[in-house]
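Contents: one structure, followed by commentary.
Labels below follow one simple rule: chain letters A, B, ... track the order of the sequence lines, proteins then strands, and each chain is numbered from 1.
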Amino acid sequence: MQNPYLPFPVRIAEIITETEDRNLKTFKFEFINPEDEDKFAYKAGQFGELSVTGQGEIPIGIASSPVEKGFVKFTVNKVGLVTTHLHNMKVGDVMGIRGPLGNSYPWETLEGKNVLIIGGGFAFTTLRSSIIYMLHPDNRPKFKDIHVIYGARSPGMLLYKDELAEWEARDDINVHITVDGTDDPDWKYNVGFVPTITEEKAPPADSDTYAIICGPPIMIKFTQPVLDKLGYLHDNIIMSLENRMKCGIGICGRCNIGKEFVCKDGPVFTLSELTHIPKEY
Amino acid sequence: MTVIKIDKTEFASGLEKLKGSNKLFSPAKKGKDFEFAKLDAGEVPDLEGCRNTGMSPKSLIYPQSETMFEYTTEEADPDANLMKDVEKDYAPRVVVGLRPCDAYSFKLVQRNFESPEYRDPYWADSYEATAFISIACSQPYSTCFCTTAGCGPFHEEGSDIILAEDGDGYIAKAVTEKGEKLLADAGWATTAEGGEDKFASLKKAAEEKVTSSIDISKVRDMAILDLYEADFWEKEAFACINCGTCTFVCPTCWCFDIQDENKGKEGVRMRNWDSCMFPLFTVHGTGHNPRDQKYMRLRQRYMHKLKYYVDKYEDDVLCTGCGRCIRMCPVNIDIRRICDKMNSYVKA
Ligand SMILES: Cc1cc2nc3c(=O)[nH]c(=O)nc-3n(C[C@H](O)[C@H](O)[C@H](O)COP(=O)(O)OP(=O)(O)OC[C@H]3O[C@@H](n4cnc5c(N)ncnc54)[C@H](O)[C@@H]3O)c2cc1C
Ligand code: SF4
Ligand code: FES
């Protein structure tokens with residue numbers, strides 16, 4: 001069995017500054033040993049540990065999609081030691097990735113269902129991965145209606161703007177983009193907080209409709225009652241947690257909530273599951 | 001399994017033979033406590049003097065600080081920024097004179113380091129390279145509660161050979177194949193007349209001396225969230241200073257941190273014991289801390305040992321009853337008392 005702490009060596013192939021505050025950058029990595037790409041075969045919703053040599057490792061959701069080949073992508077917010085160092089790295093630099101780690105969104109359950117994706121701020125990364133996955137011609141027939149509600153503080157803070165515009169133009173996905181506020185007279189999408197837009201645009205609840213929510217705690221706090229009001233079952237509400245992590249493989253003991261390790265048993269849980277688990281996240 | 005009698009001279013000469021192809025470790029007096037140390041040629045362990053060691057033997061398998069990889073960030077180096085394995089010493093080792101509870105502790109933590117999905121190579125290789133010759137207890141401390149914590153003073157699981165003092169020597173019982181081989185390698189072969197019976201009667205006498213206990217019979221059936229939300233945690237944690245001593249002396253506390261340590265352009269990725277009692281343990285990058293109060297950290301430690309582990313593996317507690325945390329806590333927090341609070345809790 002291979003050493004689960006040893007990162008696959010990767011090279012930074014591209015760096016995209018996503019937001020106007022320049023705090024979010026997407027890093028595209030290529031595996032230095034091409035055979036490692038197969039070993040990193042992942043599903044949307046999983047994460048990886050980005051290893052910056054000499055600085056440490058950080059858990060980051062995988063923003064690229066399993067249907068995209070030849071690279072993996074992560075979108076990183078600059079907050080502390082490792083993320084700041086990473087933001088200062090350049091194309092061609094060598095670092096490492098461990099993974100894929102954690103469970104994923106429950107793709108087997110989601111097949112044949114309506115999927116409502118609700119994202120806020122920079123927690124849109126694994127949701128992007130999911131959307132790209134579902135929209136792939138091989139996969140689109142496997143899902144019924146797909147709705148996306150995605151909000152950011154301002155237009156300049158939205159991630160993946162080109163893709164959003166592209167999805168907006170398609171008729172096999174309903175995209176509702178929103179911002180908290182804007183003074184852009186040409187803004188053609190919604191203005192309002194995610195919970196409000198959810199109330200207006202979410203498809204009706206039924207046992208065949210699942211909601212995946214990722215966003216800052218405040219957004220989740222106010223969106224959950226809206227989904228309750230709309231009648232969404234707690235088994236059908238799927239969330240992804242973030243806890244401070246080190247090993248990412250359920251060994252170092254850092255990230256538990258009750259008897260579950262967020263890194264290994266999660267990060268994806270249904271709201272029903274979370275009802276029985278201490279809220280230590 | 002073989003039960004033999006070893007007199008003390010034979011014991012010493014057998015250990016010398018084992019030293020030929022193994023590194024031996026045993027308790028040695030260090031200041032006022034005994035701690036595990038390497039036995040050099042000619043050294044005989046003082047098994048009678050040591051009731052138990054201050055620290056558990058966990059660091060023999062899982063060092064407090066351990067290098068995982070090394071690297072250079074020197075761009076001119078063709079291997080710049082790549083993690084490289086470091087040389088490890090997994091040559092055979094024998095730990096002599098640990099207590100049966102400590103030998104058993106490795107079995108409890110093995111589930112964590114070797115899950116069906118992942119094998120922690122550092123822990124697992126080190127554990128595989130090690131054999132354990134434990135010595136049964138005839139004088140338990142007043143803080144020992146092993147008999148209700150899944151093991152006991154003569155517990156066999158986790159030991160390869162278990163010794164029981166008997167007059168001028170030891171009765172030795174091989175518990176595993178590894179143990180049988182050690183007996184042969186050491187040249188210990190005198191059959192103990194009525195050895196099994198003698199062993200059983202010594203065991204019974206020792207178990208009767210363990211008078212302290214815990215009981216989780218009701219905890220097993222309680223919901224995690226009910227216990228978690230119980231009203232006694234703040235009060236029980238009042239005196240705790242979050243020093244982490246209980247976690248460091250504990251044979252079954254396994255949490256660690258991973259850090260890169262640099263000297264110029266050379267560096268190592270290390271892992272170091274960490275503790276759920278420390279406030280920084282769970283701080284998010286954003287500053288948010290899900291366990292931002294000390295009672296939450298104390299609750300985490302005891303819930304992990306007495307409930308989460310029990311539920312996760314549908315087994316016994318993550319505790320061997322060695323009593324170290326009780327003896328060493330500077331403010332007298334007692335796991336037996338906390339266990340009692342948990343077990344007698346009735347949801348309002
Ligand atoms: C499953 C998962 C998915 C995630 N996905 C994303 C994503 O897609 N994009 C994204 O941007 N973020 C994501 N995150 C969050 C990301 O992991 C953190 O923002 C990142 O780890 C911060 O690392 P840092 O080194 O920059 O911060 P640090 O500098 O490590 O700061 C983190 C905290 O650790 C503490 N700390 C720092 N150094 C030490 C020390 N030496 N000893 C003790 N404590 C210390 C500090 O108190 C600080 O508050 C995800 C997290 C998880 C768990
Ligand atoms: S319980 Fe005692 S030993 Fe443990 S952290 Fe608190 S004060 Fe320290
Ligand atoms: S990060 Fe180590 S157990 Fe989850």
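For A:Asn256, the parts sitting under 4.5 Å from any heavy atom of chain B are the backbone and the side chain alike. Of the two parts of B:Asp274, only the side chain, counted from C-beta on, holds a non-hydrogen atom closer than 4.5 Å to a non-hydrogen atom of chain A. B:Met83 touches chain A through backbone and side chain together, each having a heavy atom under 4.5 Å away. For a residue to count as touching a neighbouring chain, one of its non-hydrogen atoms must lie under 4.5 Å from one of that chain's; by this rule B:Leu280 touches chain A with the backbone only. In this structure, chain A has a heavy atom under 4.5 Å from the side chain of B:Asp85, while its backbone stays farther away. Neither the backbone nor the side chain of B:Arg111 comes within less than 4.5 Å of any heavy atom in chain A.
When all heavy atoms are compared, the tightest approach of A:Gly54 to B:Asn262 is O-ND2, 2.7 Å. Across all non-hydrogen atoms, the minimal contact from A:Pro4 to B:Pro121 is CD-CD, 3.8 Å. The shortest heavy-atom contact between A:Lys264 and B:Ser115 is NZ-OG, 3.4 Å. In this structure, B:Asp260 and A:Gly56 approach most closely via the heavy-atom pair OD2-N, 3.1 Å. The two residues A:Val94 and B:Leu82 make their nearest non-hydrogen contact at CG1-CD2, 3.8 Å. B:Phe256 and A:Arg254 make their closest contact through O-NH2, 3.3 Å (heavy atoms, listed as atom of the first residue, atom of the second, distance).
Remark: the backbone N or O of A:Met95 is not paired with any side-chain donor or acceptor of B:Asn81 at under 3.5 angstrom. A donor-acceptor pair is defined here as one N or O able to donate and one able to accept, closer than 3.5 Å; no such pair exists between the side chain of B:Trp254 and the backbone of A:Cys252.
Ranked by non-hydrogen atom pairs under 4.5 Å with chain A, the options B:Tyr122, B:Tyr71, B:Trp123, B:Phe281 are led by B:Phe281. The most heavy-atom pairs under 4.5 Å with chain B, out of A:Ser51, A:Pro217, A:Gly250, come from A:Ser51. Contact tally against chain A (heavy-atom pairs below 4.5 Å) for B:His288, B:Lys312, B:Gln300: the top residue is B:Lys312. Contact count versus chain A (heavy atoms, under 4.5 Å) is highest, among B:Thr282, B:Thr73, B:Ile224, B:Ile258, for B:Ile258.
The interface of residues 26-45 of chain A with chain B, defined by heavy-atom distances below 4.5 Å, is empty.
In summary, the side chains of B:Arg269 and A:Thr53 do not present any donor paired with an acceptor at a separation below 3.5 Å, with no hydrogens or angles considered.
The existence of a salt bridge linking B:Asp311 and A:Lys259 is excluded, since no basic side-chain nitrogen approaches an acidic carboxylate oxygen closer than 4.0 Å.
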